[in-house]
K.L.:
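My questions will all concern the structure given below.
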Amino acid sequence: MSDRDTRHKASMEKLKARVEEKVASANEQRGLIIVNTGNGKGKTTAAWGTVTRALGYGYKVGVVQFIKGLWECGERNRLEEDANLEVAIMATGFTWDTQNRQADTDACQEVWKEAERMLADPETYLVVLDEITYMIKFGYLDIETVKQALENRPLEQTVIITGRNAHRELVAMADTVTEMQEVRHAFNNGLQARRGIDF
């Protein structure tokens with residue numbers, strides 16, 4: 001065995017030992033709070049990937065879309081016939097289109113009732129609160145109300161929160177936080193969103 005192969009084997013043995021140590025120390029079983037935030041692309045896409053994974057194991061999943069629900073959504077189109085998936089959509093679409101604070105607040109509060117029901121359901125294994133960060137930022141939804149629902153959810157339930165500028169208190173209570181960082185975005189260079197790729 002060459003010196004390079006010997007060094008590689010020793011390095012992989014150390015890595016294996018570290019990984020096995022971490023796996024052995026992870027002994028708590030419960031649902032998670034996951035936050036996908038940042039100004040980069042892929043927050044909702046990642047959440048839908050996890051929805052697909054959970055449905056693949058036969059778990060019940062709830063998705064609440066606070067912003068993009070009136071848009072076409074390839075993932076929703078593909079998965080909506082699954083009896084284990086429930087999707088609730090805020091009726092106004094993009095808040096910068098409506099430009100009506102009261103109407104947006106009312107629409108947010110209406111769909112939040114569906115979110116609260118899902119968050120209280122012990123049979124719902126995964127709940128996605130897609131773009132809820134905007135609802136908190138714009139004042140349509142109170143952070144304390146959201147925190148209370150998250151804190152009181154069933155122990156085994158995982159919640160994924162998506163959207164830019166996640167509230168610091170949501171970040172603080174999350175188990176996993178991923179910040180998507182934009183390096184370059186096609187839209188900023190005049191390229192339209194592409195069906196089947198961006199939505």
Side-chain angles (χ1 to χ4, degrees), residues 18-19 21-57 59-69 73 75-76 79 84-90 95 104-105 108-109 111-183 185:
R18 285 196 304 271
V19 169
E21 183 181 350
K22 289 192 94 163
V23 169
S25 67
N27 53 23
E28 185 180 358
Q29 275 280 347
R30 63 171 174 79
L32 307 172
I33 296 176
I34 299 170
V35 173
N36 294 340
T37 193
N39 68 346
K41 178 179 169 10
K43 298 175 287 293
T44 297
T45 303
W48 275 109
T50 307
V51 167
T52 305
R53 178 178 290 162
L55 291 172
Y57 286 108
Y59 291 118
K60 184 177 173 185
V61 177
V63 176
V64 182
Q65 293 186 291
F66 286 91
I67 294 276
K68 293 181 281 195
C73 177
E75 300 96 331
R76 188 178 66 228
L79 300 172
N84 284 324
L85 176 64
E86 179 184 2
V87 179
I89 297 171
M90 186 167 147
T95 58
D104 290 337
T105 300
C108 174
Q109 292 294 324
V111 79
W112 173 247
K113 291 176 190 170
E114 298 300 313
E116 284 185 311
R117 181 181 50 76
M118 293 175 190
L119 290 166
D121 181 3
E123 299 300 312
T124 303
Y125 186 75
L126 171 64
V127 176
V128 175
L129 303 175
D130 187 37
E131 310 283 11
I132 194 173
T133 60
Y134 293 100
M135 303 300 101
I136 296 166
K137 180 180 178 183
F138 296 154
Y140 305 156
L141 196 54
D142 180 62
I143 182 64
E144 292 304 321
T145 301
V146 176
K147 282 175 56 183
Q148 184 176 4
L150 292 172
E151 288 165 353
N152 294 330
R153 76 190 197 284
L155 183 65
E156 294 298 314
Q157 186 182 86
T158 290
V159 178
I160 301 177
I161 293 165
T162 74
R164 295 180 181 214
N165 303 307
H167 194 284
R168 65 186 177 282
E169 293 186 46
L170 293 180
V171 170
M173 69 189 302
D175 299 289
T176 300
V177 179
T178 300
E179 184 168 354
M180 313 283 193
Q181 184 61 48
E182 180 181 314
V183 175
H185 199 300

K.L.:
Less than 4.5 Å apart, any side-chain heavy atom of Val146 and any of Ile136?
P.N.:
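A side-chain contact exists here, since the closest heavy-atom pair is under 4.5 Å.
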K.L.:
Locate the shortest heavy-atom distance separating Ala47 from Asn36; write the atom from each residue and the value.
P.N.:
N-ND2, 4.0 Å
K.L.:
According to side chain to side chain donor-acceptor pair (under 3.5 Å), does anything in residues 144-159 pair up with another residue at least two apart or in another chain? List the pairs.
P.N.:
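For residues 144-159: Lys147-Glu169.
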K.L.:
For the residue pair Glu182 and Lys41, establish whether any side-chain heavy-atom pair is separated by less than 4.5 Å.
P.N.:
no
K.L.:
Rounded to the nearest 0.5 Å, what separates atom CG in Leu119 from atom CG in Leu129?
P.N.:
5.5 Å
K.L.:
Could you state the interatomic distance from CG (Leu141) to CD1 (Ile132), rounded to the nearest 0.5 Å?
P.N.:
5.0 Å
K.L.:
Go through the steps for Val61 and Val63 under the test side-chain contact (heavy atoms from CB on, under 4.5 Å), then give the verdict.
P.N.:
CA-CA 7 Å; Val61 177; Val63 176; 4.2 Å; yes
K.L.:
For Glu21, check salt bridge (charged side-chain N to carboxylate O under 4.0 Å, His left out) against everything at least two apart and list the hits.
P.N.:
none
K.L.:
Apply the test side-chain contact (heavy atoms from CB on, under 4.5 Å) to residues Tyr59 and Arg53: give CA-CA distance (whole Å), side-chain angles for both, the deciding distance (0.1 Å), then the verdict.
P.N.:
CA-CA 9 Å; Tyr59 291 118; Arg53 178 178 290 162; over 6 Å; no
K.L.:
Do Arg117 and Glu114 sit within salt-bridge range, that is, some charged N less than 4.0 Å from a carboxylate O?
P.N.:
yes
K.L.:
Going by side-chain contact (heavy atoms from CB on, under 4.5 Å), name the residues that satisfy it together with Gln181, two or more places apart in sequence or in a different chain.
P.N.:
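Gln181 satisfies side-chain contact (heavy atoms from CB on, under 4.5 Å) with Asn39, Glu179 only.
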K.L.:
Given side-chain contact (heavy atoms from CB on, under 4.5 Å), test Trp48 with Val51 step by step and report yes or no.
P.N.:
CA-CA 5 Å; Trp48 275 109; Val51 167; 3.9 Å; yes
K.L.:
Tell me, please, which residues at least two apart from Val19 pass side-chain contact (heavy atoms from CB on, under 4.5 Å).
P.N.:
Leu15, Val23
K.L.:
Would you mind reporting whether Met90 and Met135 have side-chain heavy atoms less than 4.5 Å apart?
P.N.:
yes
K.L.:
Rounded to the nearest 0.5 Å, how far does CD of Gln65 lie from OG1 of Thr162?
P.N.:
9.0 Å
K.L.:
Pair Ile89, Val111 - check side-chain contact (heavy atoms from CB on, under 4.5 Å), show working.
P.N.:
CA-CA 7 Å; Ile89 297 171; Val111 79; 5.8 Å; no
K.L.:
Could you tell me whether the side chain of Val177 reaches within less than 4.5 Å of the side chain of Val171, counting heavy atoms only?
P.N.:
yes
K.L.:
Tabulate below the donor-acceptor pairs under 3.5 Å that side-chain atoms of residues 120-127 make, not counting sequence neighbours, or state none.
P.N.:
from: Asp121; atom 1: OD1; to: Glu123; atom 2: N; distance (Å): 2.9
from: Asp121; atom 1: OD2; to: Lys60; atom 2: NZ; distance (Å): 2.7
from: Asp121; atom 1: OD2; to: Thr124; atom 2: OG1; distance (Å): 2.9

K.L.:
For the NE2 atom of His167 and the OG1 atom of Thr37, what is their distance to the nearest 0.5 Å?
P.N.:
12.0 Å
K.L.:
Taking only residues two or more places apart in sequence or in another chain, which ones pass salt bridge (charged side-chain N to carboxylate O under 4.0 Å, His left out) with Arg164?
P.N.:
none
K.L.:
Decide salt bridge (Lys or Arg N to Asp or Glu O under 4.0 Å) for Lys43 and Asp130; before the verdict, give the C-alpha distance in whole Å, the side-chain angles of both, and the deciding distance to 0.1 Å.
P.N.:
CA-CA 9 Å; Lys43 298 175 287 293; Asp130 187 37; over 6 Å; no
K.L.:
Could you check if a side-chain atom of Trp112 sits within less than 4.5 angstrom of a side-chain atom of Phe66, using non-hydrogen atoms only?
P.N.:
yes
K.L.:
Give, for atom OH of Tyr140 and atom CG of Asp104, the distance between the pair rounded to the nearest 0.5 Å.
P.N.:
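Here the rounded value is 4.0 Å.
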K.L.:
Against Ile34, only a single residue in Ile160, Thr178, Val159 fulfils side chain to side chain contact (heavy atoms under 4.5 Å, CB included); can you say which?
P.N.:
Ile160
K.L.:
Determine whether a donor-acceptor pair (N or O, by modelled atom type, separation under 3.5 Å) exists between the side chain of Asn84 and the backbone of Leu55.
P.N.:
no
K.L.:
Could you tell me which non-hydrogen atom of Gly163 sits nearest to which non-hydrogen atom of Glu131, and how far apart they are?
P.N.:
CA-OE1, 3.6 Å
